[in-house]
Amino acid sequence: GTISSGATGTISSTSGDIALLTDSIDLGANVSSSGNLSLTPTTSTRSIGLGGATGGFNLNDTELSFLTNGFNSITIGQLNGKHDIQIDSATFVDPVTIQATGTGAKIAVSATTGAGLQGNDNASITLKGSHATTTLNADIVTNGNAVLINDSVILGTPATVTIDTTNGGATATGAHITVVGTINDD
């Protein structure tokens with residue numbers, strides 16, 4: 001199925017959790033709550049595209065901006081999913097977990113411009129992979145919040161990939177950067 005909200009199709013809850021379970025999503029208006037948000041493809045092998053990337057389950061930059069600031073957490077993907085997740089210049093303003101831990105799952109962070117994955121406001125970033133590999137082709141940047149990659153990491157192209165929890169020095173105190181797995185260069 002498909003979830004599609006037009007320009008007047010706001011999805012909101014004062015403090016409850018919101019779970020959107022579908023193989024295709026098209027957001028045209030704000031999604032808001034102070035609870036948890038779950039964005040999950042129904043099919044465990046459905047590809048996911050975030051920001052400028054494409055995927056069967058796709059949230060482009062405009063749709064990501066409709067996820068209004070205030071969620072306790074945002075989770076994208078099935079925990080045991082076998083998704084191929086492509087992230088290109090995606091920005092979040094609340095703590096986000098992007099996950100696909102099933103056999104054969106892949107996560108790739110790239111960037112057409114800027115950071116591949118940006119966490120503004122209180123957004124920590126967690127990537128949970130299959131322990132096969134997360135490929136970093138672009139930077140991950142937060143505004144003083146933690147970055148956790150629970151997966152083996154391949155440093156792709158360019159030659160230098162940065163994980164920065166100080167937002168380029170704009171935040172005096174950074175946060176923990178944790179990689180649970182091996183780190184290799186391609």
Side-chain angles (χ1 to χ4, degrees), residues 1-102 104-129 134-135 137-143 145 147 167:
T2 299
I3 292 177
S4 181
S5 70
T8 60
T10 299
I11 301 169
S12 67
S13 171
T14 303
S15 60
D17 294 344
I18 297 174
L20 303 178
L21 179 65
T22 182
D23 269 343
S24 181
I25 191 164
D26 181 17
L27 296 179
N30 288 344
V31 179
S32 62
S33 177
S34 61
N36 301 310
L37 174 62
S38 175
L39 301 163
T40 311
T42 307
T43 305
S44 67
T45 55
R46 187 75 166 167
S47 63
I48 298 173
L50 301 173
T54 58
F57 183 98
N58 191 67
L59 290 165
N60 64 35
D61 290 324
T62 300
E63 291 170 304
L64 290 175
S65 74
F66 290 136
L67 307 180
T68 60
N69 192 353
F71 284 101
N72 182 56
S73 70
I74 299 170
T75 302
I76 299 172
Q78 291 184 11
L79 179 60
N80 295 315
K82 299 175 183 177
H83 312 296
D84 179 352
I85 301 175
Q86 299 295 316
I87 304 163
D88 185 341
S89 304
T91 300
F92 294 89
V93 293
D94 292 312
V96 63
T97 298
I98 300 168
Q99 61 186 12
T101 62
K106 296 183 275 183
I107 299 173
V109 178
S110 302
T112 305
T113 60
L117 188 52
Q118 177 85 34
N120 292 336
D121 196 53
N122 72 328
S124 59
I125 295 174
T126 300
L127 302 177
K128 291 182 181 178
T134 289
T135 301
N137 295 313
D139 300 344
I140 298 175
V141 179
T142 69
N143 193 32
N145 298 295
V147 173
N167 196 14

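In this chain, residues are counted from 1 in sequence order. Predicted model only: the values in this text are computed from it and were never measured.
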Atom [atom1] of [X] and atom [atom2] of [Y]: how far apart are they, to the nearest 0.5 Å?
X    : Y    : atom1 : atom2 : result
L37  : S73  : CG    : OG    : 8.0 Å
T142 : N167 : OG1   : CG    : 7.5 Å
N60  : F66  : CG    : CZ    : 8.5 Å
S110 : D139 : OG    : CG    : 11.5 Å
T91  : D61  : OG1   : CG    : 7.0 Å
D26  : S5   : CG    : OG    : 7.0 Å

Is there a donor-acceptor pair under 3.5 Å between the side chain of [X] and the backbone N or O of [Y]?
X    : Y   : result
S47  : G56 : yes
H83  : S44 : yes
Q99  : G77 : yes
N30  : T10 : no
E63  : L27 : yes
D17  : G35 : no
N143 : V93 : no
Q78  : T42 : yes
T22  : S24 : yes
S33  : G16 : yes

Exercise. Which is it for Q86 and D88 under the side chain to side chain donor-acceptor pair (under 3.5 Å) test, yes or no, and what are the steps along the way?
Worked result: CA-CA 7 Å; Q86 299 295 316; D88 185 341; over 6 Å; no

Any side-chain heavy-atom pair from [X] and [Y] closer than 4.5 angstrom?
X    : Y    : answer
L127 : V109 : yes
R46  : I48  : no
F92  : L117 : yes
P95  : N122 : yes
T135 : K106 : no

Atom of [X], atom of [Y] and distance for their closest heavy-atom approach:
X    : Y    : result
L39  : I25  : CD2-CD1, 4.1 Å
A123 : D94  : CB-O, 3.2 Å
T68  : F71  : O-CD1, 3.4 Å
S89  : A111 : OG-CA, 3.5 Å
T14  : S34  : O-OG, 3.1 Å
A29  : G6   : CB-O, 3.4 Å

Exercise. Looking at N137, I140, I98, I76, which hits side-chain contact (heavy atoms from CB on, under 4.5 Å) with I87?
Worked result: I98

